[in-house]
Amino acid sequence: MSQNVRVRSRGTLNPTASTDSVDLRHQVFGDNPLEVRDTGHYTHEYVGGIVDRWDELIDWDKRADGEGRFFIEQLRSRGVRTVLDAATGTGFHSVRLLDAGFDTTSADGSPQMLARAFRNGIEHGGHVLRTVNSDWRWLTRDVRGPFDAVICLGNSFTHLFSEHDRRKALAEFYALLKHDGVLIIDQRNYDAILDGESSSGRTYYYCGAQVSARPDHVDEGLARYRYTFPGGDEYFLNMYPLRRDYLRGLLRDTGFQRIDTYGDFQETYADAEPDFFVHVAEKR
Ligand code: SAM
């Protein structure tokens with residue numbers, strides 16, 4: 001039975017999201033899913049089954065092996081102590097950062113993902129996560145900074161569908177950083193997908209061996225992915241296919257002075273090869 005309730009969370013100032021009915025059990029894409037190209041729609045996507053099964057998709061142990069100490073070393077080498085995990089999801093990076101001793105605040109716009117992260121924090125090391133339910137576009141309203149670092153990982157920024165929203169979110173991240181702070185943001189290699197070039201096939205993010213994550217539809221304005229789990233359950237995410245240099249340009253426009261882009265955690269790579277890019281953007 002579907003449970004239709006009104007969700008008015010502290011972090012959702014978005015006028016549409018705050019009054020929309022969100023079905024907490026089922027993803028809702030309406031009659032024409034390919035027309036769903038809306039920044040606020042993630043609140044209808046990270047609900048129910050995909051939240052319950054997200055950790056099967058990412059596989060914490062394999063993902064930790066794949067990324068190694070990349071993020072921890074990026075942060076440590078800059079003397080970072082306080083971190084805002086802006087896209088906490090189910091808490092993978094928040095827990096890794098807490099394990100490594102960083103003072104971590106965990107934000108996300110999906111209350112269900114955050115609730116799962118809180119439970120995961122307790123179960124993985126007894127961490128009581130400091131969680132904030134907040135949409136990036138209004139983050140400074142809900143979160144008190146400044147932080148040494150903001151991270152937005154796991155191909156999360158791709159959920160913003162308009163340039164205005166992307167610029168707004170980056171401005172919020174920038175405002176929450178100290179004068180010498182660093183933003184670490186990643187993205188799937190959509191250039192390779194849009195340009196029809198094969199990527200390496202290596203998997204660093206969606207590591208669950210039993211789960212398939214495949215593009216269902218891709219055009220310049222939409223990457224709709226289908227996630228199929230053992231037993232046949234299927235979920236979808238509608239995302240905007242960000243091009244690497246476009247995002248680098250936005251970071252520069254926001255005011256970041258130095259932007260280093262890594263391909264699958266390596267400094268040098270062939271353009272079409274990496275599965276993911278990671279941008280490390282310094283404010284100073
Ligand atoms: N970082 C986690 C990981 O790597 O497993 C989660 C990644 S998941 C692909 C994207 C997350 O971003 C979801 O938890 C979603 O709720 C959050 N998100 C998407 N758009 C958002 C927005 N506008 N404001 C706040 N959170 C958002």
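Order of listing sets the numbers, starting from 1, for every ligand and every atom in it. Values reported hereafter were calculated over all heavy atoms of this structure, with side chains retained and with hydrogens, waters and symmetry mates removed.
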What I want to know is whether Y46 and ligand 1 share at least one N or O pair that is separated by under 3.5 angstrom.
no

Filtering G91, G109, A86 for the heavy atom nearest atom 25 (C) of ligand 1 leaves G109

Sequence neighbours excluded, the answer for side-chain contact (heavy atoms from CB on, under 4.5 Å) partners of R226 is D216, T228, E234, F236

Indicate, with yes or no, if the rings of H124 and F92 have centres closer together than 6.0 Å.
no

Per-atom filter on ligand 1: closer than 4.0 angstrom to a heavy atom of G154 are 4 (O), 7 (C), 9 (C)

Taken to the nearest 0.5 Å, the spacing of F29 CZ from Y235 OH works out to 12.0 Å

So for S134 against ligand 1, with non-hydrogen atoms under 4.0 Å, the contacting part is backbone

- Look at D55 together with R119 and state whether they make a salt bridge at an N to O cut-off of under 4.0 Å. no

Out of Y225, F161, Y42, the nearest non-hydrogen contact to atom 23 (N) of ligand 1 is supplied by Y42

Logged contact type for L153 with ligand 1, heavy-atom cut-off 4.0 Å, is backbone

Near M113 (heavy-atom distance under 4.0 Å), the atoms of ligand 1 are 14 (O)

Note: F92, heavy atoms under 4.0 Å from ligand 1, region reported as neither

The answer for which part of R63 has a heavy atom under 4.0 Å from ligand 1 is side chain

Between V150 and A86 the two heavy atoms that sit nearest each other are CG1-CB, 4.2 Å

Sorted by chain and number, sequence neighbours left out, side chain to side chain donor-acceptor pair (under 3.5 Å) with H279 holds for Q187, T261

